[in-house]
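Comments concern the structure below.
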There are 2 protein chains.
Amino acid sequence: MTQDGIARTPDASPRTLPHAATLHDVAREAGVSLATASRVLNGSERKVAEAFRERVERAAEALGYTPNVSAQATARGRSPVIALLVADIADPYFGQIAAGVARGADERGLVVTIAITERDPERENRIVRALRGQRPMGLILAASRAEHPDGAEAGSELEAFERFGGRVVAFGERHGDDGAERSVVIDNAGGAEELGRRMAALGYRTAIGIAAAAGVRTSDDRLDGFTRGFASGGGRVERIVRADFRRESGAAAMAGALAEGVEPGTLVFGMSDVVALGAISAIRAAGREVGSDIAVCGFDDVPASSDVTPSLTTVRIPLNDAGYQAFRAIVDEDWQQDPLPVEVVVRDSTPGR
Amino acid sequence: MTQDGIARTPDASPRTLPHAATLHDVAREAGVSLATASRVLNGSERKVAEAFRERVERAAEALGYTPNVSAQATARGRSPVIALLVADIADPYFGQIAAGVARGADERGLVVTIAITERDPERENRIVRALRGQRPMGLILAASRAEHPDGAEAGSELEAFERFGGRVVAFGERHGDDGAERSVVIDNAGGAEELGRRMAALGYRTAIGIAAAAGVRTSDDRLDGFTRGFASGGGRVERIVRADFRRESGAAAMAGALAEGVEPGTLVFGMSDVVALGAISAIRAAGREVGSDIAVCGFDDVPASSDVTPSLTTVRIPLNDAGYQAFRAIVDEDWQQDPLPVEVVVRDSTPGR
DNA sequence: ATGAAAGCGCTAACAT
DNA sequence: ATGTTAGCGCTTTCAT
């Protein structure tokens, strides 16, 4: 043994590090061919004599062999990965979706890679392009995107991805023409409409919507649905302030609205719970009361929503299941979305008037 | 052009799908060798004539070439990935850490893969083993683990990983002897001690701790620190109930404690905000009041903690930065942890008595 | 500075 | 049923 604890090889190439056992090592150790070793360790169709199989398995065990995923991927031409794009992984909305995706991936032994778009469309495009390099089985777009922000160019990276056999699954129906893309749809409009109806029934007549920029599909759908439902009960969305889906943004938007004046008895509808939570803190900061003075409702039913006081009225959507659906949309050839029930849950932030 | 839109090749092999442009394609298109193409597109040292360089770049652009990461990884022997292990990605604690890791990875063009341990040590071991197959640059263990659950066996997968040049970074100092492993340490004990002191100063004298199983380092440290600080101010932790770090678990533990009887004026210390939040809901469910009746404090300062009412007293730790530190511990050869300030933030859930 | 060619670890025909 | 061998897409000596 040499001083560095590594056996010196005849050709004296100075390996600096021991290397992980390779399939080759296993085969040699077991006294079988590469192919046989590969078959018992990885190949699907079982056609190896029990005796050999055992020897290979023992050798692999002894050497601590782990198949090199990259090598397998190059050889097979596809990578056992699912790429997940989210706007912000620290956001509970995306966190839950991610959990659902991970749950599915785990079942199939797939690895999920995650990338953060920060809600920047340009950044998103760059990421998709880079992700293509991973040659993943599929791409899940959970980041809320706007409709074709600038004409035909947008999404061309996605097309390229699909053209080469990758599957892309988006949350929410996609604008365009492309039939290849699958989407798991959450009934944003329907849920919001029901919410609007319920709020009108509770006696609210005027509302302020805190929405993302026009063009952001999720936001548009929720706002439109709510407006419709609210109107059907005699209510009216009298003002729409813009924010993105971040908490601080919601707070700022609310603060702005407050500065312009908000009548007692007004209902504020945040396009997501996170935004609504931000609005609540702004309302408090302005010395107003949440509930009987200014009512607030949101959308998503993230865990925090039941913890606030007053607890937040919202629309529950099974985010984790939605993530799982997205996973299945990628791996199941004949996938069809299971229904994702949305449900209005009325809590204390919207007392009856 | 044939009917399927693909040029028929002389050997008539029926490719079912177009394939992504390969480096080979680019080289041919540009009329240069594979090596040259590789050099301009990926190689580090620049030594290619400007004329060639341009032709290659144009060809790559025209063909929409994206380097095949797996192939690069096999050729180079290492994969540009950072593997992140968390107990539960939907938990805001892990979500923030993940965001920090992702932020760093993005800077260096690395991809982060995430795996969920579900707080199951056995599962964690399986995962680490599978992860080895990715040959990632490093492994970040954010999942709170117990000390050697069952003797020497535990962590052997980690050792194997490190032996082959992978770097593992753990949150919290590791038990063992191994010098290879780096750890980003959060001053759990110190923060909790200060919290204990402050609570005692507020007038609390008896506390109930909701902790994870003994042996879970994070929990132990927080509990010990708190106990010490609280005692220094004349307080005493009179009961310790066990839960894991999930919200429901915290609620159940609190419900149990409540059933046995909890004196007014008692302080409940949840080992994490999530647990404390669960405790709060249990207290409410039992018809008791949070604050003046039963006070509650937690640890982490997740966003939800400032939204609850009464807002939760806790210890703030810069989780996102902690995640970023972990990233750096992997990529920077001469890494040294930047200090991660912990700070007690007293809110309404622990009014002075 | 450029190209030819030998790998990287593994899979999958194709023999045998 | 097992072994041989030609790739997979890319990197990297090693010549030139």
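A, B, ... follow the sequence lines: proteins, then strands. Residue 1 opens every chain. Only a predicted model underlies this, so the values are computations on that prediction, with no experimental measurement involved.
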Check the distance between [N]'s [atom2] and [X]'s [atom1] and give it to me in whole angstrom.
X       : N      : atom1 : atom2 : value
A:Arg53 : D:dA1  : CZ    : P     : 12 Å
B:His24 : C:dA5  : NE2   : C1'   : 13 Å
A:His19 : C:dG7  : NE2   : C1'   : 14 Å
A:Arg55 : D:dA1  : CZ    : C1'   : 14 Å
B:Leu34 : C:dG7  : CG    : P     : 17 Å
B:Glu50 : C:dA1  : CD    : P     : 13 Å
A:Leu41 : C:dT11 : CG    : P     : 9 Å
A:Asn42 : C:dA12 : CG    : C1'   : 13 Å

For residues [X] and [Y], determine if any side-chain heavy atom of one lies less than 4.5 Å from a side-chain heavy atom of the other.
X        : Y        : answer
B:Leu139 : B:Leu158 : yes
B:Arg55  : B:Val40  : no
B:Asn68  : B:Thr22  : no

For residues B:Val32 and B:Ala37, report the shortest heavy-atom separation together with the two atoms involved.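 Scanning both residues completely, I find the closest heavy atoms to be CG2-N, 4.1 Å.
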Heavy-atom pair of closest approach, residues A:Asn320 and A:Ala99: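 Heavy atoms of A:Asn320 and A:Ala99 come nearest at ND2-CB, 3.7 Å.
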Does a side-chain N-to-carboxylate-O contact under 4.0 Å join [X] and [Y]?
X        : Y        : result
A:Arg108 : A:Asp332 : yes
B:Arg167 : B:Glu333 : yes
B:Asp106 : B:Arg103 : no

If you draw a 6.0 Å radius around CD in B:Glu107, do more than 12 non-hydrogen atoms from other residues or ligands fall strictly inside? yes
Counting only heavy atoms not in B:Arg129 (residues, nucleotides, ligands), do more than 12 fall under 6.0 Å from its CZ? yes
Which is more 5' along DNA chain C, the nucleotide nearest A:Leu23 or the one nearest B:Ala35? Just name the residue. B:Ala35
Look at B:Thr22 and D:dC10 and indicate whether a side-chain polar atom (N or O) is within less than 4.0 Å of OP1 or OP2.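 Yes, because at least one side-chain N or O of B:Thr22 sits under 4.0 Å from OP1 or OP2 of D:dC10.
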Please check the phosphate of D:dT11 (OP1 and OP2 only) for any side-chain N or O of B:Ser38 closer than 4.0 Å. yes
Could you tell me, to 10°, how much the axis swings from one end of the helix from C:dA1-D:dT16 to C:dT16-D:dA1 to the other, five pairs per end? 40°
Residues within residues 26-33 of chain A bordering DNA chain D, heavy-atom distance below 4.0 Å: A:Val32, A:Ser33
Matching residue for A:Ile140 among A:Val86, A:Ile114, A:Ile82 - test: side chain to side chain contact (heavy atoms under 4.5 Å, CB included):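 Result for side chain to side chain contact (heavy atoms under 4.5 Å, CB included) with A:Ile140: A:Ile82.
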Applying a 4.0 Å non-hydrogen cut-off, can you work out what B:Ala49 is touching in the nucleic acid: base, sugar-phosphate, or nothing?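 Sugar-phosphate contact only - B:Ala49 comes under 4.0 Å of backbone atoms but never of a base.
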Should B:Lys47 and B:Arg39 be marked as a side chain to side chain contact (heavy atoms under 4.5 Å, CB included) after you check the CA-CA gap, both sets of side-chain angles, and the distance that decides it? CA-CA 8 Å; B:Lys47 335 174 161 197; B:Arg39 288 196 262 261; 5.7 Å; no
Among C:dG3, D:dC10, D:dA1, which nucleotide sits nearest the side chain of B:Arg39?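 So the side chain of B:Arg39 is nearest to C:dG3.
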When you measure from every atom of DNA chain C, which of residues 68-76 of chain A have a heavy atom less than 4.0 Å away? A:Asn68, A:Ala71, A:Gln72, A:Thr74, A:Ala75, A:Arg76
